[in-house]
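The structure under discussion appears below in the form of structure tokens.
Reminder, nothing fancy here: chain letters follow the sequence lines and each chain counts from 1. Here the structure is a predicted model, which is why all the values come from computation and not from measurement.
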Amino acid sequence: MSIKLYSTLSRRKEDFETIEPGKVRMYVCGVTVYHKAHIGHAMFALVFDVIRRYLEYRGYAVRHVMNFTDVDDKIINRANQLGVNPFELAEGYIREFQQNLADLNVLPATINPRATQEIDLIIKMIEGLIEKGFAYPLDSDVYFRVDKDPDYGKLSGRRLDDMQAGARIDVDNRKENPMDFALWKASKPGEPAWDSPWGQGRPGWHIECSAMNLNHLGEQIDIHGGGNDLIFPHHENEIAQTESLTGKQFARYWVHNGMLQLSGEKMSKSLGNLVSIDDFLAKHKADSLRFLILNSGYRNPLSYSDEIVEQADRAIERLQSGLRPAEAAAAGASTQDLEDLQKQMVATRTGFEQSMDDDFNSAGALGYLFELVRVINQAHAEGATAAQLAPAQDLLKELTGVLGLQLENSRAGDQAVEPFIQLLIDLRLELRAQKLYQLSDLIRNRLLDMGVILEDGKGGTSWRFK
RNA sequence: GGCGACGUGGCCAAGUGGCAAGGCAAGGGUCUGCAAAACCCUCAUCAUGGGUUCAAAUCCCAUCGUCGCCUCCA
């Protein structure tokens, strides 16, 4: 069975076929680095991380490119406000975002190109577009001529006639068509600038992505992704530029994720309603955020609230419960239990793959993983040994890993405390044997306050970090 | 005004023609000194109104509601 994925261009699910067999060229629009990254940015990164991981699970070699826009008006404005060098400002946020992604267990992209590293190619492309009549210089700017592009609007499903140019911004009367967009922008004194045939300036927002695609993936790519707020104008313009220049179809599949919303509104820098990735990770595990995103369709909007984060925290604990070690004194599960476990393993992998093949239906896939957890726990409760649980637990680890979940219980760097915890457990065991329950409960409660949970089972007391 | 998406139990959410996955919460039970975890049981006819069909949450029409894009935006 093949993978199906929804493409914004055709507005339907399509069979996934790559240009080169077994290889995927995937470009994902990254961020403009002028501000701390928020969990909305994390969403796109997580969505495409899961897509990439699943494609690799399916045997594809994925060349994953995610760019950084490191020069633009917003960066310059903010640098001016802060009185710092715009390049240094961008560099700092790039480092921070990469650290955020690492903290979220997002695999590093194959390449992270930056707009400022592509200037030569950008200029060549603009020259090519001018030669072909798709662009025209105006003073020291260069604009793309939308009227020359017959299928302009095909991605976003708009026609030029329908668009109320200037409805919310002032029309630049110098342009041939109000919808013409900048390929090259003249710079003001003191702003970052590069030499060009049209004078000192910098690239427009859209052309950089076209250039990075061309440079790192080629004229034609398999998947082009990003948030659905980029469909228009950014991706529309990218198609227009690239296809006008090459005369070939640019991306086979356009994949867009829905927006993360906070209190009913899109989370965005301009609205000021954001939760930074750092804020989130200070209170919750990376797995929790990933679960939130996996648990709903990637194309749907996702409403963020304390309540659903709390639910995600619990759900992760539930998945972790499937990985608990067998009781030391386990007697072994019955043949029937082991058969059930075996059946569920087959059902889980099959269901997982069928769900994920269907446009990366991770919520459906999670359903099968929870069912596996239940059957593992049943066997666990029936006395399965470590060896009996291992195959199912390995499967659980493997498939949650495909989704990028870590399910780690222990906190890094805390190994040193383990002997002391064990000492307290042994002490408490003695107190309980003497029925000194007040003291034994005191130990349990105090450890809980410190984030260590004790659980008394048949085979002794086990513990885990909260 | 134009384009588009969505509306499934208290909450999140899958399912897009054939008896409504899963998670969280809640209630009951087993286990336990107690607790926690785990296990067992209970918990929805799918916004509303029409229509098509042997059969609809799933297709069509209408209504109501929520949201996104059209401007920088993941």
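- Considering only side-chain N and O atoms, A/Asn377 lies under 4.0 angstrom from the phosphate OP1 or OP2 of B/C39.
- One atom, CG of A/Leu448, and another, C1' of B/A37, lie 13 Å apart when rounded to the nearest Å.
- Within a 6.0 Å sphere centred on CG of A/Asp306, other residues, nucleotides and ligands contribute 12 heavy atoms or fewer.
- Pairing for B/U30 is with B/A38, a Watson-Crick or G-U wobble pair whose two hydrogen-bonding atom distances lie under 3.5 Å.
- Atom CD1 of A/Ile425 is separated from atom P of B/A36 by 18 Å (rounded to the nearest Å).
- A/Ile308 comes within 4.0 angstrom of sugar-phosphate atoms only, judged by non-hydrogen atoms across all strands, and of no base.
- Between A/Leu372 atom CG and B/C39 atom P the separation is 12 Å, expressed in whole Å.
- Side chains of A/Arg202 and A/Glu208 form no contact here, defined as non-hydrogen atoms less than 4.5 Å apart.
- The distance from atom CG of A/Leu101 to atom P of B/A74 is 13 Å, rounded to the nearest whole Å.
- Between B/G68, B/A74, B/C12, one nucleotide has an atom nearer to the side chain of A/Gln261 than all others, and that is B/G68.
- Counting any heavy atom pair closer than 4.0 Å across all strands shown, A/Gly297 reaches sugar-phosphate atoms only and no base atom.
- Checked options A/Lys188, A/Lys185, A/Arg78; the residue passing with A/Asp73 is A/Lys185 (criterion: salt bridge (Lys or Arg N to Asp or Glu O under 4.0 Å)).
- Mapped onto RNA chain B by nearest heavy atom, A/Gly227 and A/Arg299 fall at different nucleotides, with A/Arg299 at the one closer to the 5' end.
- Among the protein residues, A/Leu292 comes within range of no part of the nucleic acid, since none of its heavy atoms lies under 4.0 Å from any strand.
- Residue contacts shown for A/Gly457 are absent, as no nucleic acid heavy atom lies under 4.0 Å away.
- Interface remark: the A/Arg11 side chain does not form any donor-acceptor pair with the B/G4 base, using a distance-only criterion of under 3.5 Å.
- Not a single donor-acceptor pair under 3.5 Å links the side chain of A/Glu455 to the backbone N or O of A/Ser462.
- A/Arg428 comes within contact range of at least one nucleobase, with a heavy-atom separation under 4.0 Å.
- For B/G15, its base never sits under 3.5 Å from the side chain of A/Asn361 at any donor and acceptor pair.
- Each of A/Gln378 and A/Met43 was assigned the nucleotide of RNA chain B with the nearest heavy atom; the assignment lying further toward the 5' end belongs to A/Gln378.
- The nearest pair of heavy atoms linking A/Ala251 to A/His224 is CB-CB, 3.8 Å.
- For B/C67, the paired nucleotide is B/G4, the pair qualifying as Watson-Crick or G-U wobble because both relevant distances are below 3.5 Å.
- Around the CZ atom of A/Arg314, the shell of radius 6.0 Å holds more than 12 heavy atoms that belong to other residues, nucleotides or ligands.
- If you take CG of A/Asp358 and P of B/U58, they are 19 Å apart, rounded to a whole angstrom.
- Between the OH atom of A/Tyr304 and the P atom of B/A13 there is a distance of 15 Å, rounded to whole Å.
- At B/A5, none of the side-chain N or O atoms of A/Asn300 fall inside 4.0 Å of OP1 or OP2 (strictly under the cut-off).
- Using Watson-Crick or G-U wobble geometry with both donor-acceptor distances under 3.5 Å, B/G9 finds no partner in any strand shown.
- Residue-environment remark: CD (A/Gln438) stays at or below the threshold of 12 foreign heavy atoms within 6.0 Å.
- Partner A/Lys4 forms a salt bridge (Lys or Arg N to Asp or Glu O under 4.0 Å) with one of A/Asp358, A/Asp359, A/Asp357, A/Asp15 and no other, that one being A/Asp15.
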Heteroatom pairs (N/O) under 3.5 angstrom, protein to nucleotides 20-29 of chain B:
| unit_1 | atom_1 | unit_2 | atom_2 | d |
| --- | --- | --- | --- | --- |
| B/A21 | O2' | A/Glu371 | OE2 | 3.1 |
| B/G23 | N2 | A/Gln311 | OE1 | 2.8 |

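- Annotation for A/Leu389 and A/His380: closest pair CD1-CD2, 3.8 Å, computed over non-hydrogen atoms.
- Look at the C1' atom in both B/C43 and B/G49: the space between them is 29 Å, to the nearest Å.
- Put simply, OH on A/Tyr298 is 21 Å from P on B/G68, counting in whole angstrom units.
- One atom, CD of A/Gln438, and another, P of B/A35, lie 16 Å apart when rounded to the nearest Å.
- Of the candidate nucleotides B/A38, B/G33, B/A74, B/G33 has the atom lying nearest to any side-chain atom of A/Ser440.
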